[in-house]
J.: 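Take a look at this one; I'll ask things after.
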Amino acid sequence: MLDHLIKGATVVDGTGTPARTADVGIRDGRIVFPGQGATAHTTEDATGLVLAPGFVDPHTHYDAQLFWDPYATPSMNHGVTTVAGGNCGFTLAPLHPDRPEDADYTRRMMSKVEGMALKALEEGVDWSWSSFAEYLDALDGRIAVNAGFMVGHCALRRYVMGADAVGGQPTPEQLDRMVGLLKEAMDAGAWGLSTTQSSTHSDGDGAPVASRHATPAELIALSRAVGEHEGTQLEAILAGCLDQFSDEEIELFVEMTAAAGRPLNWNVLTIDAAVPERVPRQLTASERARKSGGRIVALTMPILTPMNMSLGTFCALNLIPGWGEILGLPLPERIAKLRDPDVRAGMLRRADSKEAGVFRRLAHFGRYVIGDTYSRENEGLTGRVVGDIAAERGQDPFQALVEICANDDLRTVLWPMPSDNDPASWALRRETWEHEDVLLGGSDAGAHLDRMCGAPYTTRFLGDCLHGRKLVPLERAVKMLSDDPARLFGLRERGRIAEGFHADLVLFDPERIDAGPATLVHDLPGDSPRLDSRAVGIVSVRVNGVETVRDDRVTGAIPGKVLRSGRDTRTVSTR
């Protein structure tokens, strides 16, 4: 007797092979291909629907949100059944048991660097753990999705070095203790090490985060430790991830993956036909790694993720060289500076400089769309394009944008239209996806909650493949979202619809599959806001055989597992 039987589904099994019509059963959380006449406690007719493996999101920041939202919304609504967390060097553990102030430092850092609401972090998480093992145990048995976590370099440094982690260098004894802590975390099930040396990552005090002060020798020592444990990985962010790597950055990546003998993934490869040299340069790191006994995998998004901006709160505009010092001023002084023509001209020059890198794309202010407004002067502007407003007023676009925002005391929500939404860029994306070291992902789900909503990339991509640009066939698209990331992480018996595999399943209507627009909701602890997006065409999501979503509504079941290295992942060796 089966627990559940799905009859007549169009099975797209994650291997890339052609779809087929089949019955799929579930018993004890595992997939069964039943014989004729099989019976089950419950049965559903899936005629005309596609049954796919649950999707695996390789880059999330659900480390905190899972405590108040065990359903990892909206990712799970969009068919994601497994998430990888603890990325970019940032985790909530380990925390030094004798320094309660470390938890406050971590909360403020996560709020600044990952855009998590501070009130939500304070009110929605109990912060009762010290070790990484205790952190994982705190999640075990209380989540609806499967989740695995890297251990963050910043937390390791802070635990061992205290306040000296920012700006200081470890003694040999402290480095040994960091390595030991990392090993303890991996013994408990951490997937490996994540780290950042990105110039965009600063803590709650505005200082470079702890891992940015690490030398290559420290990074290599930690990487080598990763290679001593089964089923582990590396994840790293460098300044060049945003645009183009320097020779030194490529060499560091290559040395790290070679020292570990484990794959290293990085986020995110931006593909733009207007910058044709970027992709070949970024993938040079992968080519060099394979020659040195390592593997470097670039994550890239298959959709253009909408991201809003503001002149009033910290966002990507602050990361343009020279802009942070102006946008960080007190409000009246900031408005006065922005209204100064000479200041604006200088800001535009900096935004168009080579040093601005990928942030140059944010300086096309005529292509911004006005979002929410808050003043009588701005009534009727929501949804309008800044370039059109500027032409009507006889102003340049940046001046018009500044005046609109100043009327709202800089609270205006701004939506830049992407500059890389052209046929040539989409053709380049399709070509790049064929590279063996390029993987779809990079949603950042769980982070930057009021700025962006990358979680729906799965359904939006599938909808585009079926009804839009049709860049890849459905079977290939499903493989890219399920089996490919599962194989990178070495997930045991996940990522495919195969006999005996865990029953992580998504049932969807191929005629309707899509994602709704991002809308602002206030449902975080402390009434904090976030962007949400509804799933369209998702009929059912099952995690370990248990239904967690039906018709875009969570069921309340929490069958997810904390996936631990070694037990739930096997080693993906590069040697």
Side-chain angles (χ1 to χ4, degrees), residues 14 16 52-63 65 72 74-90 114 145-150 191-192 194 196 233-237 241-242 262-271 279 282-283 285-286 295-307 429-430 432-448 452-465 471-472 476-491 494-496 504 506 515 533 563 569 572:
F55 308 135
V56 179
D57 189 334
H59 189 104
T60 78
H61 290 278
Y62 277 126
D63 309 56
Q65 184 175 326
S75 290
M76 190 175 71
N77 297 70
H78 293 270
V80 172
T81 57
T82 298
V83 299
N87 289 295
C88 301
F90 307 122
E114 293 297 348
V145 294
N146 303 309
F149 298 90
M150 312 292 282
W191 282 15
S194 74
T196 178
Q233 299 273 321
L234 292 169
E235 188 269 345
I237 306 293
C241 291
L242 289 172
R262 298 287 188 274
L264 179 154
N265 76 80
W266 62 273
N267 183 49
V268 59
L269 175 61
T270 302
I271 302 171
V279 170
Q282 299 303 75
L283 295 183
S286 299
R295 186 184 179 200
I296 295 172
V297 176
L299 304 188
T300 191
M301 287 289 274
I303 66 168
L304 299 178
T305 305
M307 178 180 291
R429 290 186 183 98
R430 178 172 57 184
T432 304
W433 297 340
E434 296 300 319
H435 194 284
E436 61 183 340
D437 291 320
V438 172
L439 182 74
L440 297 193
S443 72
D444 259 0
H448 314 294
M452 60 175 282
C453 189
Y457 77 96
T458 51
T459 51
R460 187 162 287 133
F461 175 55
L462 289 174
D464 193 41
C465 289
L471 297 180
V472 298
R476 171 67 176 135
V478 167
K479 182 177 186 293
M480 295 163 82
L481 297 174
S482 57
D483 192 57
D484 286 354
R487 299 286 74 75
L488 173 68
F489 292 125
L491 298 183
R494 298 187 192 273
R496 299 178 183 177
D504 298 337
V506 183
S533 171
L563 302 181
T569 65
V572 179

J.: Check whether any side-chain heavy atom of L481 sits under 4.5 Å from a side-chain heavy atom of L462, and report yes or no.
T.: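 Result yes, sub-4.5 Å side-chain heavy-atom pair found.
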
J.: Where does the angle between the aromatic ring planes of W191 and F489 fall among parallel (under 30°), tilted (30 to 60°) and perpendicular (over 60°)?
T.: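 Ring orientation, 0 to 90° scale: tilted.
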
J.: Has the side chain of T300 got a donor or acceptor atom that lies under 3.5 Å from a matching backbone atom of L269?
T.: yes

J.: What are the two closest non-hydrogen atoms of F461 and I303, and how far apart are they?
T.: N-CG2, 4.0 Å

J.: Is there a side-chain contact between R487 and R496, using heavy atoms and a 4.5 Å cut-off?
T.: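 Yes, at least one pair of side-chain atoms sits under 4.5 Å.
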
J.: Can you check whether R460 reaches T305 side chain to side chain, under 4.5 Å on heavy atoms?
T.: no

J.: Going by heavy atoms in the side chains, are V145 and V80 under 4.5 Å from each other?
T.: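 With C-beta onward as the side chain, the pair stays apart.
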
J.: With distance as the sole test, does D63 use its side chain to make a donor-acceptor pair with the main-chain N or O of G86 at under 3.5 Å?
T.: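 Answer holds: yes.
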
J.: Mind listing the closest non-hydrogen atom pair of N87 and P58 along with its distance?
T.: ND2-O, 4.0 Å

J.: Would you say the side chains of D504 and N146 form a donor-acceptor pair under 3.5 Å?
T.: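 There is such a pair (donor and acceptor under 3.5 Å, judged by atom type) between the side chains of D504 and N146.
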
J.: Taking all heavy atoms of C453 and all of P74, pick out the closest pair and write down the distance.
T.: SG-CG, 4.2 Å

J.: To check you understand the geometry: which heavy-atom pair defines the closest contact between E434 and R476, and what is its length?
T.: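 In terms of heavy atoms, the two residues are closest at OE2-NE, 4.3 Å.
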
J.: Enter the distance from N265:CG to E235:CD here, rounded to the nearest 0.5 Å.
T.: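 One gets 5.5 Å once the value is rounded to the nearest 0.5 Å.
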
J.: Please identify each residue that fulfils ring-ring contact (aromatic ring centres under 6.0 Å, His included) with Y62, with sequence neighbours left out.
T.: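 For Y62 there are no ring-ring contact (aromatic ring centres under 6.0 Å, His included) partners, ignoring immediate neighbours.
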
J.: On a heavy-atom basis, which atom in T81 and which in G54 lie closest, and how many Å separate them?
T.: OG1-CA, 3.2 Å

J.: Which atoms form the tightest heavy-atom contact between P53 and V478, and what is the distance?
T.: CD-CG1, 3.6 Å

J.: Quick one: OH on Y457 to OG on S533, what's the gap to the nearest 0.5 Å?
T.: 14.0 Å

J.: Look up atom NE2 in H59 and atom CG in L439, then write down how far apart they are to the nearest 0.5 Å.
T.: 12.0 Å

J.: Just do the side-chain contact (heavy atoms from CB on, under 4.5 Å) check on L242 and T270 with the steps written out, would you?
T.: CA-CA 7 Å; L242 289 172; T270 302; over 6 Å; no

J.: Side chains of S75 and D57 only: does a donor on one sit below 3.5 Å from an acceptor on the other?
T.: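 The criterion, which ignores hydrogens and geometry beyond distance, is not satisfied for D57 and S75.
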
J.: Between T459 and H78, do the side chains contain a donor N or O and an acceptor N or O under 3.5 Å apart?
T.: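 Checked: H78/T459 side chains pair up, N/O donor to acceptor below 3.5 Å.
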
J.: A side-chain contact here means heavy atoms from C-beta on lying under 4.5 Å apart; do H61 and D444 qualify?
T.: yes

J.: What distance separates D437 CG from I296 CD1, expressed to the nearest 0.5 Å?
T.: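 The CG atom of D437 sits 8.5 Å away from the CD1 atom of I296.
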
J.: Verify, without hydrogens or angle tests, whether Q65 (side chain) and A72 (backbone) share a donor-acceptor contact under 3.5 angstrom.
T.: no

J.: Could you check M480 against V472 for side-chain contact (heavy atoms from CB on, under 4.5 Å), going step by step and ending with a plain yes or no?
T.: CA-CA 10 Å; M480 295 163 82; V472 298; 4.3 Å; yes

J.: For the atom pair CZ (F149) and OG1 (T60), what is the distance rounded to the nearest 0.5 Å?
T.: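 OG1 of T60 is found 7.0 Å from CZ of F149.
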
J.: Got a second to check how far F90's CZ is from I237's CD1, nearest 0.5 Å?
T.: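 Between atom CZ of F90 and atom CD1 of I237 there are 9.0 Å.
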
J.: Evaluate the side-chain contact (heavy atoms from CB on, under 4.5 Å) criterion for residues D484 and L440: first the C-alpha distance (whole Å), next the side-chain angles of each, then the deciding distance (0.1 Å), finally the verdict.
T.: CA-CA 9 Å; D484 286 354; L440 297 193; over 6 Å; no

J.: For Q233 and G490, indicate whether the former's side chain and the latter's backbone hold a donor-acceptor pair under 3.5 Å.
T.: no

